[in-house]
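Here the structure comes first, spelled out in structure tokens, and everything after it is commentary.
None of these values were measured; they are calculated from a predicted model. Below, each value reflects all heavy atoms present in this structure, side chains not excepted, and no hydrogens, waters or symmetry copies. Each chain gets a letter, A, B and so on, in the order the sequences are listed, and its residues count up from 1.
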Number of protein chains: 2
Amino acid sequence: MKLGQGVEWGLHSCVSMSWTPPGEAVSSARLAEFYKLPAAYLNKQLQALVRAGILTSVSGPRGGFSLARRPDRISVLDVVLAIEGKEDSFRCEGILKNAPGWGMDADYARTCLISQTMRHAEVTWRTELSRQSIAGIAHSIERRFPQARAETVRELVGPRTP
Amino acid sequence: MKLGQGVEWGLHSCVSMSWTPPGEAVSSARLAEFYKLPAAYLNKQLQALVRAGILTSVSGPRGGFSLARRPDRISVLDVVLAIEGKEDSFRCEGILKNAPGWGMDADYARTCLISQTMRHAEVTWRTELSRQSIAGIAHSIERRFPQARAETVRELVGPRTP
DNA sequence: GGGATCTTACTCGGATAGCCTGTGTCCGAGTCTGAAAGG
DNA sequence: CCTTTCAGACTCGGACACAGGCTATCCGAGTAAGATCCC
């Protein structure tokens, strides 16, 4: 059970974009330069967030990505599922269907108690992540690191600082 | 975030072995035939459980695998971690170390609030899985499918039924 | 000077390779069983 | 009949291929900004 890097990148990018002024898009090149990440690959991950309706994208100069809705309406779970996929982590192949003496041919996921256990654990995991929003994380960061927001905005908007 | 098949196989195998009489080992070939799984690969997964101290293995005729301790002392989390590895699912590469204006060079995992959020969610997930034991699942199955235990034992121990 | 046009540079988006972790298979070392042989 | 020996077959364990997905990169379509030209 391993999550891809794109999750971390997507979450940090969303937090940063929650600080930039509305209407101002941030290009993936800017974000990549800020975080020292490969620009094209970061762009690819952000595309997944666009497909999920979390971000909006604009092409051309002064283009880039912006949050598609208010950051308090974007949960951490939304970002995770957008990048990792919405499928359950525990793939239940229903091996008991092949075992003799069980006779469970359909509706396996609800019958197999092991599958139920794994599913319940994942529900708690998802619930925990859905409780946290991008705005909540951003506010916590602002409280803990007062200079973080201003520094981030300075690097992401305005003229490029070579 | 995807778990390997070995988790499902390992859990079902442990539940089945909690039913077989103590001292009687079950070979991976028997289990594989029962569940219609590739025998060699199932063997490989069970090896991981042996390395984790969950199972004990005996070579030779009448050999196979057995639970290393009482099934109420084996949690679902033990099996999951034995097969998937003990590392956290959210790999925090600490991209903020490279971002300017943050000055967090060490102890990143405890400082970054995004990492904290992901870690907390995973802790709840692991806690949920650690609450469920192999014995608990086995008892629930026995209550719901009274014939399951006898049928499983019949197929896994005693002479082979061609 | 003001407006239309055109170049230009910048951005996303998808298509294209490389690598690394599962997935699946195979063969050898070790060992217990069971039969056979001998006393 | 009991003990010893021995061959045999069965099992785990690790070493060996294969595949799919994550990682990383490149180039083209589209667009808005800014310069240029004309009125």
Can you check the [X] [atom1] to [N] [atom2] distance for me, whole Å?
X       : N      : atom1 : atom2 : value
B:Leu42 : C:dG22 : CG    : P     : 18 Å
A:Arg30 : C:dT11 : CZ    : C1'   : 13 Å
A:Gln45 : D:dT25 : CD    : C1'   : 13 Å
A:Leu31 : C:dC10 : CG    : P     : 17 Å
A:Glu24 : C:dT11 : CD    : P     : 13 Å
B:Leu3  : C:dT21 : CG    : P     : 17 Å
A:Leu46 : D:dT25 : CG    : P     : 16 Å

Would you indicate which nucleotide in [options] comes nearest to any side-chain atom of [X]?
X       : options                : answer
B:Ser59 : C:dC32, C:dG24, D:dT11 : D:dT11
B:Val50 : D:dG13, D:dA33, D:dG8  : D:dG13
A:Pro61 : D:dC12, D:dA32, C:dC12 : D:dA32
A:Gln5  : D:dT23, C:dT33, D:dG13 : D:dT23

Does any donor atom in the side chain of [X] or [Y] lie under 3.5 Å from an acceptor atom in the other side chain?
X        : Y        : value
A:Glu142 : A:Trp19  : yes
B:Glu128 : A:Thr124 : no
A:Ser16  : A:Tyr35  : yes

Give the C-alpha distance, both sets of side-chain angles, the deciding distance and a yes or no for side chain to side chain contact (heavy atoms under 4.5 Å, CB included) between B:Met118 and A:Leu129.
CA-CA 7 Å; B:Met118 298 300 293; A:Leu129 290 184; 3.9 Å; yes
If you count every heavy atom of other residues, nucleotides or ligands that lies below 6.0 Å from B:Arg62 atom CZ, does the total exceed 12?
no
Verify the contact: side-chain N or O of [X] to OP1 or OP2 of [N], cut-off strictly under 4.0 Å; return yes or no.
X       : N      : result
B:Arg91 : C:dT21 : no
A:Ser57 : C:dG13 : yes
B:Tyr41 : C:dT25 : no
A:Ser28 : C:dC12 : yes

Between protein and nucleic acid, restricted to nucleotides 14-18 of chain C and to nitrogen or oxygen atoms under 3.5 Å apart, what atom pairs and distances do you find?
unit_1: C:dG14; atom_1: OP2; unit_2: A:Gln47; atom_2: OE1; d: 3.3
unit_1: C:dG14; atom_1: OP2; unit_2: A:Arg51; atom_2: NH1; d: 3.1

Output, in order, the C-alpha distance, side-chain angles, deciding distance and verdict of salt bridge (charged side-chain N to carboxylate O under 4.0 Å, His left out) for A:Arg126 and A:Asp88.
CA-CA 10 Å; A:Arg126 293 196 178 197; A:Asp88 276 354; 3.4 Å; yes
Can you find a heavy atom in the side chain of B:Ile134 that is under 4.5 Å from one in the side chain of B:Asp72?
no
Where each residue is assigned the nucleotide of DNA chain D containing its nearest heavy atom, which of A:Trp9 and A:Val58 is assigned the position nearer the 5′ end?
A:Trp9
Mapping A:Phe65 and A:Lys2 onto DNA chain C by nearest heavy atom, which one lands closer to the 5' end?
A:Phe65
